[in-house]
**Student:** 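Take this structure, written in structure tokens, and hold onto it; I'll ask about it next.
Throughout, a chain's letter reflects where its sequence line sits, starting with A, and its residues are numbered from 1.
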Amino acid sequence: MTNYYVTTSIPYVNGEPHLGHAMEFVAADVLARAARKRGDTVLFSTGTDEHGGKIAEKAHEKGVKPIELANEMSQKFRDLVTALQVEPDRFIRTTDKGHEQRSQLVWKALAKDIYKNKYVGWYCTGDEEFFTETVVKENHGICPDHNRPYEKIEEENYFLRLSSYNEQILKAIESDELKIVPTTRKNEILSLLHEGLEDISISRPKDKIDWGIPVPGDKNQVMYVWFEALLNYITVLGYPEHADFKEFWPADVQVVGKGIIRFHAAIWPGILLGLGLPLPKALYVHGYVTVGGKKMSKSLGNSVSPYEVINKYGADAFRYYFLRHVPSYEDGDFTWEAFETAYNNELANELGNAVQRTAAMLQKYQGGMIGDVQGGEHDTGAYDAFLAECHFDRALDEVWRQVRGLNQFIDTEKPWQIAKSGEEDHLREVLAAQVSDLLEIADLLEPFLPETAAKIVGIFGTGIVKPIEGTLFPKFETEKA
RNA sequence: CGCGGGAUGGAGCAGCGGCAGCUCGCAUGGCUCAUAACCAUGAGGUCCCAGGUUCGAGUCCUGGUCCCGCAACCA
């Protein structure tokens, strides 16, 4: 029995769940479902990242405690996961006691690679934030927001000796021991590693940020959120002693967005090497979703809630669009127009109608009786390969190649003519072949569109057609502006 | 010269040395089992510019133009 461990990054509960989060959940869910389908023992984990100054600040603004805000927001992400028909085995919160305790164990285990040092930086008392040398130079030493000079401030931080693992990380990524998909992302991180990693600060003074996990043995410091958030991938398994940890680590695939690749391809491997643990086998890096070609933002007022889409068209339609029409290896765009076109043409017309016409003919000509169905005859090699590479869009292209092939087959065979000529055996064969195709399509679709796959099997899976209520994908009139 | 990605028919993309391809959209024809669905055919491209390598270049090299990421200690 093979074990399979897949994770998503855990969203920071600073903002509402958006399309990007939804897409990542869905991508990981496809991998998990595909693994379950081939019989692996799967552990699929997701969750929320809840500590840090931003959360404390926001809670303060709203007049609630940080944990109250975190509870509320975490639930929203959990609800989104459910609405998307995404089925994780674990949902970790970084405020879980277990995570906090285990993170401290990690800290202690890393002791040899942690040292205390002074962090020197340019600070604006207006923003209460540090700025980089570059930014300070650009602004000629004066903060444009507050019109006051940046101050040079020193603070004590704990640092992780990331630099000492640079070579090992570089080798692991170069050799695909830690495989980064797609290659462009791998090259990006390799160039970063060639430049060399610096040690990073992994704590903050408590008097500045106190919403965090205490550093063991130092009352004045809390862990830097990023450091601690990364640890979720092993604390959720029960690092260091739990059986799950021993059985499921290293992860098979970690799904992350392109914006946080450095954390996952540099810092995280550094931590793992420091702990003497194996690195994850693969990192799948997806792009960002834009709306109408523009970054989603509140100021532009162009953000689309995942629920708007799901409530109107259903989870499977959502999954379909974001898996096929947002390129798996690049950024993608969402517009209602593109979504509705894909929905109507591909889901309703091509697939939905293929199901419908097949079911209708079986009922009309054979009283719903399905003849001998031969099992899948198509070569799914390309599909399998794409799926293994997280090339979801291409994998679905392959499925749709079959859907189109089926429609072509029907038009070529013309079962309605065969019915008229009374060649019953031939008709039975042709219709059975259609069903066979549809069942194979349903099988391939299962990780991507679980509800749809189940419906198709429900209709044709037994010897007799069991029509569903309504249609697979009711067509929507495109709203014309 | 900080690093990297990209520029291909109206739109979105694939092709990465050997007849320029896919999806959408558009036009025409066919069919009638079906969700006004399905099928076929067609129109539409100086493959960013300028040089070069080659029998042959979207495809390789050099230079240029224009876009877009990253370059963080916000997570």
**Student:** Is a salt bridge present between A:Glu188 and A:Arg185, judged by a nitrogen-to-oxygen distance below 4.0 Å?
**Tutor:** yes
**Student:** Quick check on B:C68: is either OP1 or OP2 less than 4.0 Å from any side-chain nitrogen or oxygen of A:Tyr288?
**Tutor:** no
**Student:** Going by distance alone, is a donor N or O of one side chain under 3.5 Å from an acceptor N or O of the other, for A:Glu423 and A:Ser421?
**Tutor:**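 Note: A:Glu423 and A:Ser421 side chains meet the donor-acceptor criterion.
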**Student:** Across the strands shown, which category fits A:Lys414 at heavy-atom distances under 4.0 angstrom: base, sugar-phosphate, nothing?
**Tutor:**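 No contact.
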**Student:** If you check the A:Asp411 side chain, which of B:A34, B:G30, B:C24 turns out closest?
**Tutor:**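 Among B:A34, B:G30, B:C24, the one nearest the side chain of A:Asp411 is B:G30.
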**Student:** Is B:G58 syn or is it anti, if syn means the base angle is within 90 degrees of 0?
**Tutor:**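 Classified syn.
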**Student:** CG/A:Asp49 to CD/A:Glu228 distance, rounded to the nearest 0.5 angstrom?
**Tutor:**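 Here the rounded value is 6.5 Å.
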**Student:** In this structure, how many angstroms lie between the P atom of B:C73 and the CD atom of A:Glu155, rounded?
**Tutor:**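 Distance check: A:Glu155 CD to B:C73 P gives 12 Å.
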**Student:** Can you figure out which of B:A14, B:A37, B:U32 approaches the side chain of A:Gln417 most closely?
**Tutor:** B:U32
**Student:** When the C1' atoms of B:G9 and B:A20 are compared, how many Å lie between them, rounded to an integer?
**Tutor:** 10 Å
**Student:** Please state whether the base of B:A34 and the side chain of A:Asn353 form at least one donor-acceptor pair under 3.5 Å?
**Tutor:**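 It does, because a donor-acceptor pair links the side chain of A:Asn353 to the base of B:A34 below 3.5 Å.
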**Student:** Scan A:Ser201 against the nucleic acid and name what it touches under 4.0 Å (heavy atoms): base, sugar-phosphate only, or nothing.
**Tutor:**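 Base, at least one base heavy atom under 4.0 Å.
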**Student:** Suppose we call a contact any N or O donor and acceptor under 3.5 Å apart; does that hold for the side chain of A:Arg262 and the base of B:C73?
**Tutor:** no
**Student:** Roughly, in whole Å, what's the span from CD1 in A:Ile209 to P in B:A75?
**Tutor:**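 For the pair A:Ile209 CD1 and B:A75 P, the rounded distance is 6 Å.
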**Student:** Provide the distance between the two P atoms, one in B:A11 and one in B:G25, to the nearest whole Å.
**Tutor:** 16 Å
**Student:** Say we look at B:C33 and B:G18: how far apart would their C1' atoms be, to the nearest angstrom?
**Tutor:** 45 Å
**Student:** What nucleic acid atoms does A:Gly470 come within less than 4.0 Å of, heavy atoms only: base, sugar-phosphate, or nothing?
**Tutor:** nothing
**Student:** Would you call A:Asp411 and A:Arg357 a salt bridge, taking side-chain N to carboxylate O under 4.0 Å as the test?
**Tutor:** yes
**Student:** For atom P, what is the distance between B:C38 and B:C16, given to the nearest Å?
**Tutor:**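 So the two P atoms sit 31 Å from each other.
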**Student:** Applying the ring-ring contact (aromatic ring centres under 6.0 Å, His included) test to A:Tyr321, which of A:Phe334, A:Tyr343, A:Tyr313 qualifies?
**Tutor:**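 The passing option is A:Phe334.
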**Student:** Select one nucleotide: of B:C38, B:C33, B:A75, the one nearest the side-chain heavy atoms of A:Ile410.
**Tutor:** B:C33
**Student:** I want to check one thing: is the phosphate of B:A37, taken as OP1 and OP2, less than 4.0 Å away from some side-chain N or O of A:Lys475?
**Tutor:**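 Affirmative; the distance criterion is met.
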**Student:** When you compare B:C13 with B:C39, how far apart are their P atoms, in angstrom units rounded to a whole number?
**Tutor:**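 The same atom, P, in both gives a distance of 25 Å.
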**Student:** Grab the CG-P distance between A:Leu351 and B:A34 for me, whole Å please.
**Tutor:** 18 Å
**Student:** Using whole Å, report how far CZ of A:Arg394 lies from C1' of B:U23.
**Tutor:**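 My rounded result for the distance is 13 Å.
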**Student:** Under 4.0 Å, counting only non-hydrogen atoms across every strand here, what does A:Ile55 touch: a base, just sugar-phosphate, or nothing?
**Tutor:**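 Counting heavy atoms under 4.0 Å across all strands, no contact is made by A:Ile55.
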**Student:** Which is true for A:Asn157 with a 4.0 Å heavy-atom rule: it touches a base, it touches only sugar-phosphate, or it touches nothing?
**Tutor:** nothing
**Student:** With a 4.5 Å limit on heavy-atom distance, are the side chains of A:Leu431 and A:Gln434 in contact?
**Tutor:** yes
**Student:** A:Lys116: what forms a side chain to side chain contact (heavy atoms under 4.5 Å, CB included) with it, not counting sequence neighbours?
**Tutor:**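 Testing A:Lys116 for side chain to side chain contact (heavy atoms under 4.5 Å, CB included), a comparison that skips the adjacent residues, returns A:Glu156, A:Tyr158, A:Asp218.
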**Student:** How far, in whole Å, is B:G2 from B:A43 if one measures between their C1' atoms?
**Tutor:** 48 Å
**Student:** With the side chain of A:Lys258 defined as its heavy atoms from C-beta on, choose the nearest nucleotide among B:G69, B:U32, B:A34.
**Tutor:**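 When the side chain of A:Lys258 is considered, B:G69 is the closest of B:G69, B:U32, B:A34.
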**Student:** For A:Phe159 and for A:Trp416, find the nucleotide of RNA chain B with the closest heavy atom, then tell me which residue's nucleotide is more 5'.
**Tutor:** A:Trp416
**Student:** Take the protein atom CZ of A:Phe77 and the nucleotide atom P of B:A75, then report the distance between them rounded to whole Å.
**Tutor:** 16 Å
**Student:** Rounded to the nearest 0.5 Å, what separation is found between the CG atom of A:Leu190 and the CD1 atom of A:Ile180?
**Tutor:** 7.0 Å
**Student:** Between C1' on B:A14 and NE2 on A:His391, what's the gap in Å once rounded to a whole number?
**Tutor:** 10 Å
**Student:** For a 4.5 angstrom cut-off between non-hydrogen side-chain atoms, does A:Trp268 reach A:Tyr233?
**Tutor:**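 The answer is yes, as the side chains (C-beta and beyond) meet within the 4.5 Å cut-off.
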**Student:** Would you say A:Gln408 places a side-chain N or O within less than 4.0 Å of OP1 or OP2 belonging to B:C38?
**Tutor:** no
**Student:** Report yes if some heavy atom in the side chain of A:Asn349 is under 4.5 Å from a heavy atom in the side chain of A:Lys475; otherwise report no.
**Tutor:**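 A:Asn349 vs A:Lys475: side chains touch.
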**Student:** Classify the nucleic acid contact of A:Gly52 as base, sugar-phosphate or nothing, counting any heavy atom under 4.0 Å across all strands shown.
**Tutor:** nothing
**Student:** Between B:G58 and B:U41, how far apart are the P atoms? Round to whole Å, please.
**Tutor:**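 27 Å, rounded to whole Å.
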**Student:** Need one value for A:Ala348: base, sugar-phosphate or nothing, where a base atom within 4.0 Å counts as base even if backbone is also close, heavy atoms only.
**Tutor:** base
**Student:** Write down the distance between NZ (A:Lys420) and C1' (B:C33), rounded to a whole number of angstrom.
**Tutor:** 10 Å
**Student:** Taking Watson-Crick and G-U wobble pairs with both distances under 3.5 Å, convert RNA chain B into its dot-bracket string, 5' to 3', dots for unpaired and | for cross-strand pairs.
**Tutor:** .(((((((.[[[[.)..(..]]]].(((((.......))))).....[[[[[..)....]]]]])))))).....
**Student:** Which nucleotide sits closest to the side chain of A:Leu472: B:U35, B:G25, B:C73?
**Tutor:** B:U35
**Student:** Taking the C1' atom in each of B:G44 and B:G64, what is the distance between them to the nearest angstrom?
**Tutor:**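 Approximately 30 Å lies between the C1' atom of B:G44 and that of B:G64.
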**Student:** In terms of the nearest nucleotide of RNA chain B, which residue is placed more toward the 5' end: A:Phe473 or A:Glu350?
**Tutor:**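 The 5'-side residue here is A:Phe473.
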**Student:** Under 4.0 Å between a side-chain N/O of A:Arg404 and OP1 or OP2 of B:C39, yes or no?
**Tutor:** no
**Student:** Given atom CG of A:Leu160 and atom P of B:C73, what is their separation to the nearest angstrom?
**Tutor:**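 Value for this atom pair: 16 Å.
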**Student:** Are OP1 or OP2 of B:C33 and a side-chain N or O of A:Asn407 less than 4.0 angstrom apart?
**Tutor:**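 For A:Asn407, the contact criterion (side-chain N or O under 4.0 Å from OP1 or OP2 of B:C33) is not met.
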**Student:** Assess the residue pair A:Glu389 and A:Lys179 against the criterion (salt bridge (Lys or Arg N to Asp or Glu O under 4.0 Å)); give the C-alpha distance rounded to whole Å, side-chain angles, the decisive distance to 0.1 Å, and a yes or no.
**Tutor:** CA-CA 10 Å; A:Glu389 295 286 305; A:Lys179 183 172 177 175; 3.1 Å; yes
**Student:** Taking the minimum atom-to-atom distance to the side chain of A:Tyr12, which one of B:G25, B:A14, B:A75 wins?
**Tutor:**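 Nearest nucleotide to the side chain: B:A75.
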